[in-house]
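Throughout, protein chains are lettered first and strands after them, A, B, ... in sequence-line order, and every chain is numbered starting at 1.
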2 protein chains.
Amino acid sequence: MKHMHKQENLSKNQQIVLDYIEKVNEPIKAYSILHNVQKKGIKAPLQVYRALDKLVEIGKIHKIESRNAFVACKNSSCQLSKATAFSICESCEEVSEISDNKLSKYLKSFQDKAGMKFKKYNLEFFGLCKKCSIK
Amino acid sequence: MKHMHKQENLSKNQQIVLDYIEKVNEPIKAYSILHNVQKKGIKAPLQVYRALDKLVEIGKIHKIESRNAFVACKNSSCQLSKATAFSICESCEEVSEISDNKLSKYLKSFQDKAGMKFKKYNLEFFGLCKKCSIK
DNA sequence: GTGTTAATTGTTATAATATAACATTGTGTA
DNA sequence: TACACAATGTTATATTATAACAATTAACAC
């Protein structure tokens, strides 16, 4: 087999960034990551963004587009970030990943009227979480 | 009835920005809007962003979150930006608004397992449009 | 009309998010 | 070894968005 350069393991910076995102366990912004991994030797935004790009690509993390934030994937079966759904509380900004088989099945098989073939989707629900709706 | 300050018509800047977005008829970025409405007297980013905020709020335009771009609402019934779905071509970046009754019904009634009450959602599908999948 | 409130505008400065460009180093494998 | 590619390090800059504050305008109550 020629040129099988597909990497199995994460690189140093990728691992540092992933470790931190998994530790905080909530959506976090790129520059906040940067500030928190500087002691590990990561000095520049680009180092963080490159790691983020890779981690998103391989499905270890997801980007919450409406918040420009990144969160670790909870869904162990999620190998690629190609079918993501989140609920977002507009009050406390709590975000959780939705893993609902029926929903993902429905969306994966959704057919556009224009005949477009979809490879990926991202769905974000907004509202008030239980705690915030009591207040 | 006291203090019914709900405005019926758009303000000057809001109308200028909306007119331009409707004219171009495709997703457009805030600073591109700014460059193109400067002849109309809008000078600063904030003037654009304020108009955009309002137009999104009242459902005249939508934000394509994954692209940081804004597009006029095609769906005449769309009074509020609370249920939006788009298809996005990853090659040519063509975006179209999906209006599919079954889909919106399904998503509006979707119930989170955590019991969160949703007020809004945004769904973005990614893939290749017809033209680009031929190439 | 006056007074009141909220929406909108204008303006300058700055914050927050993200990428370009280029040189260098590391890693797997033929 | 040599090759191809992935990852890193670094500086600078581009892009997206908001803070803060003063002034003006619009809608309505009285």
Side-chain angles (χ1 to χ4, degrees), chain A residues 1-21 27-58 60-71 81 90 93 95 124, chain B residues 1-21 27-58 60-71 90 93 95 122 124:
Chain A
M1 216 182 291
K2 273 182 97 175
H3 302 314
M4 267 296 294
H5 287 136
K6 187 149 175 211
Q7 125 224 39
E8 299 295 317
N9 302 307
L10 297 176
S11 73
K12 192 188 76 182
N13 287 356
Q14 290 159 13
Q15 191 66 57
I16 291 169
V17 170
L18 179 59
D19 286 347
Y20 182 68
I21 295 175
I28 184 160
K29 287 164 173 269
Y31 275 73
S32 171
I33 295 169
L34 176 59
H35 293 139
N36 283 284
V37 297
Q38 283 184 328
K39 53 198 139 196
K40 301 272 184 185
I42 291 180
K43 289 172 191 161
L46 201 43
Q47 295 174 293
V48 172
Y49 279 104
R50 287 197 282 223
L52 290 172
D53 282 351
K54 188 71 184 185
L55 293 168
V56 166
E57 188 192 324
I58 64 178
K60 292 286 189 183
I61 64 171
H62 303 302
K63 182 172 186 182
I64 312 297
E65 293 286 357
S66 65
R67 299 298 186 261
N68 299 316
F70 300 85
V71 70
S81 294
E90 287 180 310
E93 292 294 322
V95 171
E124 298 180 5
Chain B
M1 214 182 293
K2 272 182 100 177
H3 301 314
M4 268 296 294
H5 287 137
K6 187 149 172 209
Q7 129 223 34
E8 300 294 318
N9 303 307
L10 297 176
S11 73
K12 193 188 75 181
N13 288 357
Q14 290 159 14
Q15 191 66 57
I16 291 169
V17 170
L18 178 59
D19 285 349
Y20 181 68
I21 295 175
I28 186 162
K29 288 165 172 267
Y31 276 73
S32 171
I33 295 169
L34 176 59
H35 296 320
N36 283 284
V37 297
Q38 283 184 327
K39 53 198 141 201
K40 302 273 184 184
I42 291 180
K43 289 171 190 160
L46 242 197
Q47 295 174 293
V48 172
Y49 278 104
R50 287 197 282 224
L52 290 172
D53 283 351
K54 187 72 184 184
L55 294 168
V56 166
E57 187 192 324
I58 63 178
K60 292 287 189 184
I61 65 171
H62 304 302
K63 182 172 186 183
I64 313 298
E65 293 286 358
S66 65
R67 299 297 186 262
N68 299 317
F70 300 85
V71 69
E90 288 181 311
E93 292 293 322
V95 171
N122 178 56
E124 299 181 4

Do any side-chain nitrogens or oxygens of A:Gln47 fall under 4.0 Å of OP1 or OP2 in D:dT10?
no
Taking for each residue the nucleotide of DNA chain D with the nearest heavy atom, is it B:Lys63 or B:Arg50 whose nucleotide lies nearer the 5' end?
B:Lys63
Between D:dA17, C:dA18, C:dT11, spot the one nearest the side chain of B:Asn68, thanks.
D:dA17
Any B:Asp19 side-chain heavy atom under 4.5 Å of B:Val37 side chain:
no
Distance test, side-chain N/O of B:Ser11 to OP1/OP2 of C:dT9, below 4.0 Å:
yes
Check: B:Lys63 side chain, B:Asp53 main-chain N or O, donor-acceptor pair, under 3.5 Å
no
Which of the following nucleotides, D:dT16, C:dT11, C:dA20, is nearest to the side chain of B:Tyr49?
D:dT16
Can a donor-acceptor pair under 3.5 Å be found between the side-chain atoms of B:Tyr31 and the base atoms of D:dA17?
yes
What nucleotide among D:dT10, D:dT16, C:dT12 has an atom nearest to a side-chain atom of B:Ala44?
C:dT12
Phosphate OP1/OP2 of D:dT8 contacted by A:Lys54 side-chain N/O (<4.0 Å):
no
Choose from D:dT11, C:dT11, C:dT8 the nucleotide whose nearest atom is closest to any side-chain atom of B:Leu46.
C:dT11
When rounded to whole Å, the CG to P distance for the pair B:Leu18 and C:dT8 reads 14 Å
Can you confirm whether B:Val17 sits close enough to B:Tyr20 that some side-chain heavy atom of one is under 4.5 Å from a side-chain heavy atom of the other?
no
Side chain of A:Pro45 (C-beta onward), nearest among D:dT16, C:dG10, C:dA18
C:dA18
Double-helix bend of the helix from C:dG1-D:dC30 to C:dA30-D:dT1, axes at both ends from 5 pairs, round to 10°, gives 40°
How many angstroms lie between CZ in B:Phe70 and CG in B:Leu52, if you round to the nearest 0.5 Å?
4.5 Å
Can you tell me how far apart CD1 (A:Ile28) and NE2 (A:His35) are? Round to the nearest 0.5 Å.
11.0 Å
